[in-house]
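Worksheet: one structure, shown below.
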Amino acid sequence: MQVLGRAASVGAFDKRGEESGHVKISLSGNTPEHIIRITRKIDTKNKSEWLLDVFTTRPIQLLEETQKAVGVPDLPVQHHQLIYRSKELKNLEVANLMRKRLPWLKYEMKEEELIEAQEQEKTMKKKMEIAKIWEDSKRPIDYRNEQVRAIMNKLP
Amino acid sequence: MATSAARARIDSPPPPPPPTQPRRGDDDYVPCNIVEIELLNFMTYDRLACHPGPRLNLVAGPNGSGKGSLVCAIALALTADPSI
């Protein structure tokens with residue numbers, strides 16, 4: 001049973017002899033300046049196109065208003081509860097991620113300490129090598145100094 | 001300990017605000033009233049533009065003048081299926 005009782009296809013609503021037509025309905029919003037325009041284009045090939053021009057209504061608000069318009073009393077209440085539960089669930093997920101990440105943060109701190117200690121070890125090793133070279137280079141001079149000191153002692 | 005703390009954190013959501021009757025604006029329209037209808041090549045209409053008032057509107061005319069077509073136009077623009 002067709003409530004409109006005229007036709008079952010969009011194209012039949014087109015004016016005879018014309019290729020296409022349209023219906024444009026303007027609805028009032030929350031203020032006189034706020035107008036919602038709905039345009040439905042039709043043509044004889046049963047092709048239909050929707051155009052919805054909502055200036056300031058956000059998709060979330062549009063969904064909520066649609067739920068109210070549907071007329072099921074519990075629907076907005078359940079939607080509100082679902083939004084609240086979703087936020088709670090997101091908070092729990094973030095807390096869980098933080099708890100999981102904490103050991104990794106500690107590991108990363110220890111790794112940085114290890115790298116720093118390795119750098120210090122490398123620096124100290126270089127200093128030791130330099131010191132050893134210096135000590136080795138001093139030996140011939142010490143030997144010569146001993147010889148000179150011995151000769152000086154023998155002089156009258 | 002963590003599970004009990006997590007469970008305690010999920011309390012019941014605050015109740016939503018009570019639904020109020022839609023309020024008429026300064027122009028006497030309620031949100032989502034039809035403020036303008038424009039037809040182009042729709043059934044018997046070549047072109048039509050009219051501005052329904054905010055309260056009771058009457059469409060009068062003899063047989064075959066397009067009274068029902070106007071209702072069809074409104075329904076077709078606001079619903080998806082022409083076989084409604």
Side-chain angles (χ1 to χ4, degrees), chain A residues 1-44 46 48 50-51 65 68-69 73 76-85 87-89 91-92 95-96 99, chain B residues 2-3 5-54 66 68-84:
Chain A
M1 178 59 70
Q2 303 166 358
V3 175
L4 297 185
R6 300 303 172 95
S9 62
V10 176
F13 290 97
D14 198 6
K15 188 168 188 294
R16 297 289 179 268
E18 299 289 347
E19 276 293 321
S20 62
H22 75 251
V23 179
K24 184 193 284 186
I25 303 286
S26 300
L27 304 176
S28 59
N30 292 313
T31 60
E33 299 82 21
H34 179 198
I35 300 294
I36 302 168
R37 293 186 177 85
I38 301 166
T39 303
R40 184 158 192 184
K41 297 180 176 179
I42 55 178
D43 64 9
T44 52
N46 286 330
S48 175
W50 285 95
L51 302 174
E65 296 300 326
K68 294 176 185 176
V77 176
Q78 291 174 7
H79 187 202
H80 196 263
Q81 288 183 357
L82 185 63
I83 290 170
Y84 187 83
R85 302 286 187 198
K87 288 177 182 176
E88 284 291 303
L89 181 62
N91 288 338
L92 286 178
N96 199 27
R99 190 182 301 114
Chain B
T3 54
R7 194 179 296 116
R9 211 178 308 169
I10 305 178
D11 50 354
S12 61
T20 58
Q21 198 70 16
R23 196 180 310 163
R24 293 193 172 271
D26 296 334
D27 52 0
D28 207 25
Y29 283 96
V30 168
C32 280
N33 274 166
I34 298 177
V35 297
E36 185 181 8
I37 303 173
E38 181 184 318
L39 307 183
L40 180 72
N41 294 336
F42 186 83
M43 298 187 81
T44 57
Y45 295 94
D46 286 325
R47 179 181 290 273
L48 168 73
C50 67
H51 296 77
S69 299
L70 192 62
V71 179
C72 283
I74 296 170
L76 200 62
L78 300 181
T79 65
D81 201 334
S83 64
I84 290 176

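Letters go in sequence order (proteins before strands), and every chain restarts at 1. Only a predicted model underlies this, so the values are computations on that prediction, with no experimental measurement involved.
B:Asp27 CG to A:Thr31 OG1: the interatomic distance, rounded to the nearest 0.5 Å, is 9.0 Å. Expressed to the nearest 0.5 Å, how far OH of B:Tyr29 lies from CG of A:Asn30 amounts to 16.0 Å. Taking CG of A:Leu27 as the start and CG of B:Asn33 as the end, the distance is 8.5 Å to the nearest 0.5 Å. Interatomic distance, NZ of A:Lys15 versus CZ of B:Arg47, reported as 12.5 Å (0.5 Å rounding). A distance of 9.5 Å separates CZ of B:Arg24 from OG of A:Ser28, quoted to the nearest 0.5 Å. In this structure, A:Thr39 OG1 and B:Glu38 CD are separated by 7.5 Å, a value rounded to the nearest 0.5 Å.
Comparing B:Thr44, B:Leu40, B:Leu48 by heavy-atom pairs within less than 4.5 Å of chain A, the highest count is held by B:Leu40. Each of A:Gly29, A:Ser48, A:Gly17 has some count of heavy-atom pairs under 4.5 Å with chain B, and the biggest count is that of A:Gly29. Of the listed residues (B:Ile34, B:Leu39, B:Val35, B:Ile37), the one with the most heavy-atom contacts under 4.5 Å to chain A is B:Val35. Residue with the most contacts toward chain A among B:Val30, B:Asp46, B:Asp26: B:Asp46 (heavy-atom pairs, distance under 4.5 Å).
Contacts between A:Ile42 and chain B at a heavy-atom distance below 4.5 Å involve the side chain alone, from C-beta outward. Interface residue A:Ser20: only backbone heavy atoms are found under 4.5 Å from chain B.
The minimum heavy-atom distance linking A:Asp14 with B:Asn41 is given by the pair OD1-O, 3.1 Å.
The main-chain N or O of B:Ala73 is never found under 3.5 Å from a side-chain atom of A:Arg40 such that the two would form a donor-acceptor pair.
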